[in-house]
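Notes follow the structure.
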Amino acid sequence: MKKYHFIYEELRRTKEELLRCIENTEHNSTILLYIKAELDDVERALSKIESGQFGKCEMSGELIPDGLLGMVPTARTEEDFRQMGFFLRKPLYS
């Protein structure tokens, strides 16, 4: 976990912020679905760090480059990064 300490702390702070957002959002609000989905992603990433599985593609088991994980620590597969590349002006991989 030492390797990903900074990412872990950032995810922990993000989780706290999302929980506060849930408390302050109307229960019938459409945005609440997105906040809860993001919270699920953050909790999954935290769990993966704690179990030592963080940084591995959930599809192939290959290691995901640390630089990419630093940008999007909630990404689960290499395919997630490929899909994100379609929406960016600059490539993720150089």
Side-chain angles (χ1 to χ4, degrees):
M1 188 164 107
K2 283 185 178 183
K3 180 177 181 179
Y4 297 113
H5 177 73
F6 178 78
I7 292 173
Y8 184 83
E9 289 303 315
E10 183 67 28
L11 286 168
R12 193 180 56 72
R13 286 189 295 273
T14 300
K15 178 181 175 180
E16 291 170 4
E17 182 180 335
L18 290 168
L19 289 170
R20 281 192 302 275
C21 286
I22 289 171
E23 289 175 6
N24 297 323
T25 302
E26 292 181 32
H27 292 290
N28 60 353
S29 173
T30 305
I31 193 79
L32 191 59
L33 296 173
Y34 295 102
I35 295 170
K36 287 182 176 181
E38 184 67 21
L39 179 60
D40 289 344
D41 289 343
V42 168
E43 288 176 333
R44 181 185 205 104
L46 285 168
S47 176
K48 288 173 71 173
I49 291 173
E50 292 165 358
S51 70
Q53 296 300 308
F54 186 76
K56 295 180 185 175
C57 174
E58 290 182 9
M59 299 284 289
S60 69
E62 296 292 320
L63 293 177
I64 297 171
D66 288 342
L68 295 177
L69 290 170
M71 287 189 285
V72 187
T74 55
R76 297 164 50 187
T77 66
E78 293 173 304
E79 181 62 23
D80 290 344
F81 289 105
R82 278 194 272 292
Q83 292 295 321
M84 284 179 230
F86 292 121
F87 301 100
L88 302 174
R89 295 182 73 181
K90 293 184 179 181
L92 286 171
Y93 301 100
S94 50

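The first residue in the sequence is number 1, and the count goes up from there.
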Give me the atom names and distance for the closest heavy-atom approach of [X] to [Y].
X: P73; Y: I7; answer: CB-CG2, 3.5 Å
X: F81; Y: L69; answer: CZ-N, 4.3 Å
X: T77; Y: M59; answer: CG2-CG, 3.3 Å
X: H27; Y: L32; answer: O-CD2, 3.5 Å
X: A75; Y: M84; answer: CB-CE, 4.0 Å

Without placing hydrogens or testing angles, list every side-chain donor-acceptor pair under 3.5 Å for residues 33-46, not counting sequence neighbours.
unit_1 : atom_1 : unit_2 : atom_2 : d
R44    : NE     : E58    : OE2    : 3.1

Next item on the list: Supply the atom-to-atom distance H5 NE2 to I49 CD1, rounded to the nearest 0.5 angstrom.
Entry: 10.5 Å
Note to self: Could you measure the distance from the CZ atom of R76 to the NZ atom of K48? Nearest 0.5 Å is fine.
What the structure shows: 7.0 Å
Check: Taking everything shown except E26 itself, do over 12 heavy atoms lie less than 6.0 Å from its CD?
Finding: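 For E26, atom CD is not crowded (no more than 12 foreign heavy atoms under 6.0 Å).
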Margin query: Could you see if L63 belongs to whatever hydrophobic cluster contains L68? Use Ile, Leu, Val, Met, Phe, Trp, Tyr and a side-chain cutoff under 4.5 Å.
Written below: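 Result: no, two separate clusters.
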For residues 14-23, dump all side-chain donor-acceptor pairs below 3.5 Å to protein atoms at least two apart in sequence or in another chain.
unit_1 : atom_1 : unit_2 : atom_2 : d
T14    : OG1    : E10    : O      : 2.9
E16    : OE2    : R12    : NH1    : 2.8

